[in-house]
> 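Dumping the structure here so I can ask a few things about it.
We count ligands from 1, going down the list as the structure has it; atoms in each ligand are counted the same way.
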Amino acid sequence: MSPDASAFSADTQAVHSGRGIDPATGALTPPIHLSTTFERGGDGSYPYGYIYGRSGNPNRDALETALATLENGAECATFASGSAATFSLLQALSPQDHVIAPQSVYFGVQQMLEKILAPWGLIYTLVDTTDLAAVAEALRPNTRLVLIETPSNPQLAVTDIRAVADLAHQANAYLACDNTIASPVLQTPLALGADFSIHATTKYLAGHGDVIGGAVVTRELNPLFEQLRLIQTIGGTVPSPFDCWLTLRGLQTLPLRVRAQAAAAQTVAEWLAQHSAIEQVLYPGLPEHPGHTVAQQQMTGYGGLLSFLVKGDQDAAMAVAARTRLIARATSFGSPHSTIEHRASIEVGTATAPNLLRLSIGLEQVNDLIADLDQALSG
Ligand SMILES: *Cc1c(COP(=O)(O)O)cnc(C)c1O
């Protein structure tokens, strides 16, 4: 048996949570349990605690234990994608419930609200959640959930988690915070009053660009989380055992990766900010960023993701991305491999500037990244 990981520091928890020594073999690395079904006792009981792979699986349990520990939550539910995690939480609400979400919410969430959940009966308002007065004004008697994303993708806007938690709770609403960009290494929303912390585990948690997954961690058991658990197990939005295993493996190096990526992102952001071809850099670690003070209070680092506006139009930005050699032109972030992406051509119809490029800092040497950006910007 492993010692209770929650008694240790976060770095130690990342290595040990959810990873007991296998009682059958003594293996330190857990086996992958692919079995869809588990033997019943002669009396009809389930002596091993498992029934069927959709309702429960040892690899999923291990991952959920580890994520609940890292986020200081009571329980975690994992999903087949980050989108399925947010979607399932929203689906746990009832038709005619009202939701507040950020104006610059992750594009996929905006799409699911507009195209799936509104026709199903959910009512929503998009507001600038960095503006507390706007959040207060948008709250209604039937508001059950306020969703924030901080820092946000791809604007890197910073929302004050504690202040919005207070506003939501005064209105008897839950607060869910998408913590994908910060990861629990740099920010623990539940400790700041959020009721749920959401992750696309696809990004930093799995961390190697080889898993699509999602998670919702709850601060305490409540009716919304119980409904979410039903959607996971009866609705069947579950991740595969192998994906859980890969994500749990990724967690072991999460603190080291995220701190290295954040340190390199700070260096790159400062370098870009003084470059003559750049109009603006969006990174909460820069003192001129409008969310810098709040980020300083609620984060222990500013993360590995940044965006920048190239001087000129969409073509100018596209041309910079076209010239990178080491940094791959690809979507997503949080991998060892640095990626750059022109977002406006993906998020058609949003406020994302046509000259914005989003840059995910990987684990390459920072000087190699700067050299690549330098040649791409001066080409
Ligand atoms: C990527 C992402 C998602 C969606 O995750 P998928 O695994 O791609 O479905 C949700 N929120 C944020 C902030 C993301 O970056």
> Within a distance under 4.0 Å of any heavy atom of Asp178, pick out the atoms of ligand 1 and give their elements.
10 (C), 11 (N), 12 (C), 13 (C)
> Do any nitrogen or oxygen atoms of Glu149 come within less than 3.5 Å of a nitrogen or oxygen of ligand 1?
no
> Can you see whether Arg358 engages Asn153 through a side-chain donor-acceptor pair at a distance of less than 3.5 angstrom?
yes
> To check your reading of the model: name the closest protein heavy atom to atom 7 (O) of ligand 1, its residue, and the distance in Å.
Thr202 OG1, 2.7 Å
> Should one rank Ala200, Gly213, Ala80 by closest heavy-atom distance to atom 5 (O) of ligand 1, which comes out on top?
Ala200
> Identify, for atom 15 (O) of ligand 1, the protein heavy atom at the shortest distance, and state residue, atom and that distance.
Lys203 NZ, 2.7 Å
> Does a donor on one side chain and an acceptor on the other come within less than 3.5 Å for Glu270 and Gln266?
yes
> In ligand 1, which numbered atoms sit nearer than 4.0 Å to a non-hydrogen atom of Ser83?
4 (C), 5 (O), 6 (P), 9 (O)
> Just need the protein heavy atom nearest to atom 8 (O) of ligand 1, so name the residue and atom and give the distance.
Tyr106 OH, 3.9 Å
> Tell me yes or no: between the side chains of Glu75 and Thr218, is some donor less than 3.5 Å from an acceptor?
no
> Which of the atoms of ligand 1 are close to Phe333, meaning less than 4.0 Å from one of its heavy atoms?
15 (O)
> Passes salt bridge (charged side-chain N to carboxylate O under 4.0 Å, His left out), Arg229 versus Glu64? Steps please.
CA-CA 12 Å; Arg229 185 66 87 187; Glu64 291 182 351; 3.1 Å; yes
> Considering only protein heavy atoms, which is closest to atom 6 (P) of ligand 1, and at what distance to one decimal place?
Gly82 N, 3.4 Å
> Between Asp11 and Ser9, is any side-chain donor less than 3.5 angstrom from a side-chain acceptor?
no
> Do the side-chain N and O atoms of Glu347 and Thr352 include a donor-acceptor pair separated by under 3.5 angstrom?
yes
> Can you tell me if Ser104 and Gln155 form a side-chain donor-acceptor pair at under 3.5 Å?
no
